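First comes the structure, then the notes that go with it.
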Protein chains: 2
Amino acid sequence: MASYDPAEFPPFAVTVDIVLLTVADEFSVMLVRRGVDPFAGVLALPGGFVLPDESVEDAAHRELAEETGLSASALPGVHLEQLATFGDVGRDPRMRVVSVAYLGLSRLTPLPTAGTDAADAQWLPVSTALAGHLAFDHREMLEAAVERVRAKLEYTTLATTLAGEAFTLGDLHRIYEIVWNEELDLANFRRKVLATDGFVESTGAKRVSTAGGAPATVYRRGSGTLLNPPLSRRPRAGH
Amino acid sequence: MASYDPAEFPPFAVTVDIVLLTVADEFSVMLVRRGVDPFAGVLALPGGFVLPDESVEDAAHRELAEETGLSASALPGVHLEQLATFGDVGRDPRMRVVSVAYLGLSRLTPLPTAGTDAADAQWLPVSTALAGHLAFDHREMLEAAVERVRAKLEYTTLATTLAGEAFTLGDLHRIYEIVWNEELDLANFRRKVLATDGFVESTGAKRVSTAGGAPATVYRRGSGTLLNPPLSRRPRAGH
DNA sequence: GTAATAGTGTCTGTGAGACACTATAAA
DNA sequence: TTTATAGTGTCTCACAGACACTATTAC
């Protein structure tokens, strides 16, 4: 019942790890290659310690800026939310570390070249990352993040965050197909997006594709955040 | 980039707090009255320190058993899942404490009388708890838990956890109405529940209500966990 | 009898899925 | 031309919501 002596608290360290996801040709995650032990040379999620005088939330924003090397102009367009906390006893071989994982969503942005202040960050396809070896329990974090995003695309407008400031309905459709790894009828997708208040709004501009086809209307994200009723993955289960 | 000295980590304490919810005449939460400062005499969520040799998850289960005083036979029927982590700087006036909040769902169970090993625990209506004063940032935790449960009743069969081992469709319907604080057409609710594979299964038994009415079929929870398509709260938004 | 609960049947409107079709661009 | 994309129209089926109706119990 919280009858403890503040001087006798167990020794913990608290870190944040950022699962920053984007859609390029594939669904991709930002990873850094570790320079020191443990897991030196192994790919890991960007992250670091929570400082004594900052909130966990602030630490996540700080690490997002510092470790990913995203430019200041790109940061406001990034969605960042708490994902889950990982607190198994042996997850860090050196000491007891509890880590709060955050999920970030961003449009595809170029990464700083190696040698800058930021870590040696890179975008790697999620499937490649999951097929390989990741430091600590970062694989679990990545899996949780992927499932969260897939689920959230069903009932929120978050895909517009992955699309960036200006996009066509074809772009948005492609994002859904890549993240869900599943085909979606384009005509029905268009109807659904356009029929949902606040999902997207037209900029009036048109954009021509390099691959041919008629010019497409360019949209920006709308003010809405929730889809009701939601879009659905898989053809309805049950039968 | 994780190039830190394990001996210099910032001093953190890590706790777990349990938001255990149930449905009685009202949607209720288990609270304990604090015996020591800070917040001595104030209502708080049950919780406590994560020990050095146990995972955060294990700590949550241990606190659920110890602090709530639930009998060993009732514990297996409790659903426990991680809710969110609270890590603001000043949330505990004594020192830096990061707390991992867990959401628990249980059928209504009698609480141990005061004086036992367990804390002075009590069920309090959520509305009452939110109208009053709670220790630390426990009000935020409670609000997050309530919203999570309301959302999960839409697309999971979790309501059966609140109903216990044997229940009628009337019981289940009542749980939805109380948690959502909203009326649901009983006939449509019945059709939906019975049409969803794995939601409930009949025990064959009948139960008569003390308030009159025909005997009702008694059900137990089914093996399914997800509702697809989901039940929906509010009449569809949008228009 | 009345009140309360259990349970069934039926109509309607919305919207998702399937898919045919036209239009406009690049190569 | 062919190929790829943009965009519209239409039919059908599933299902949620509304609600009328019967049945069986307590009081």
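We name chains A, B, ... by the order of the sequence lines, and we start the count at 1 in each one. Just so it is clear, the model here is predicted, and its values are computed rather than measured.
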Using distance alone, with no hydrogens and no angle criterion, decide if B/H61 and B/E63 have a side-chain donor and acceptor under 3.5 Å apart. no
Establish, from distance only, whether the side-chain atoms of A/E140 and A/H138 form a donor-acceptor pair under 3.5 Å. no
Taking [atom1] from [X] and [atom2] from [N], how many angstroms apart are they, rounded to a whole number?
| X | N | atom1 | atom2 | result |
| --- | --- | --- | --- | --- |
| B/D185 | C/dT5 | CG | C1' | 14 Å |
| A/E154 | C/dG15 | CD | P | 18 Å |
| A/R233 | C/dG17 | CZ | P | 13 Å |
| A/N228 | C/dA16 | CG | P | 11 Å |
| B/F167 | C/dT5 | CZ | P | 19 Å |
| A/E183 | C/dA16 | CD | C1' | 17 Å |
| B/R174 | C/dA4 | CZ | P | 16 Å |
| B/L184 | D/dC19 | CG | C1' | 15 Å |

What does the B/S/- profile of nucleotides 4-10 of chain D look like, 5' to 3', with a 4.0 Å heavy-atom cutoff to protein? BBSSBBB
Taking the side chain as everything from C-beta on, heavy atoms only, tell me whether [X] gets closer than 4.5 Å to [Y].
| X | Y | result |
| --- | --- | --- |
| A/F167 | A/V200 | yes |
| A/L80 | A/Y102 | yes |
| A/I18 | A/L45 | no |

Is it the case that the side chain of B/S28 and the backbone of B/A24 share a donor-acceptor pair, with hydrogens and angles ignored and the cut-off at 3.5 Å? no
Can you check whether B/K192 has a side-chain N or O nearer than 4.0 Å to OP1 or OP2 of D/dA16? yes
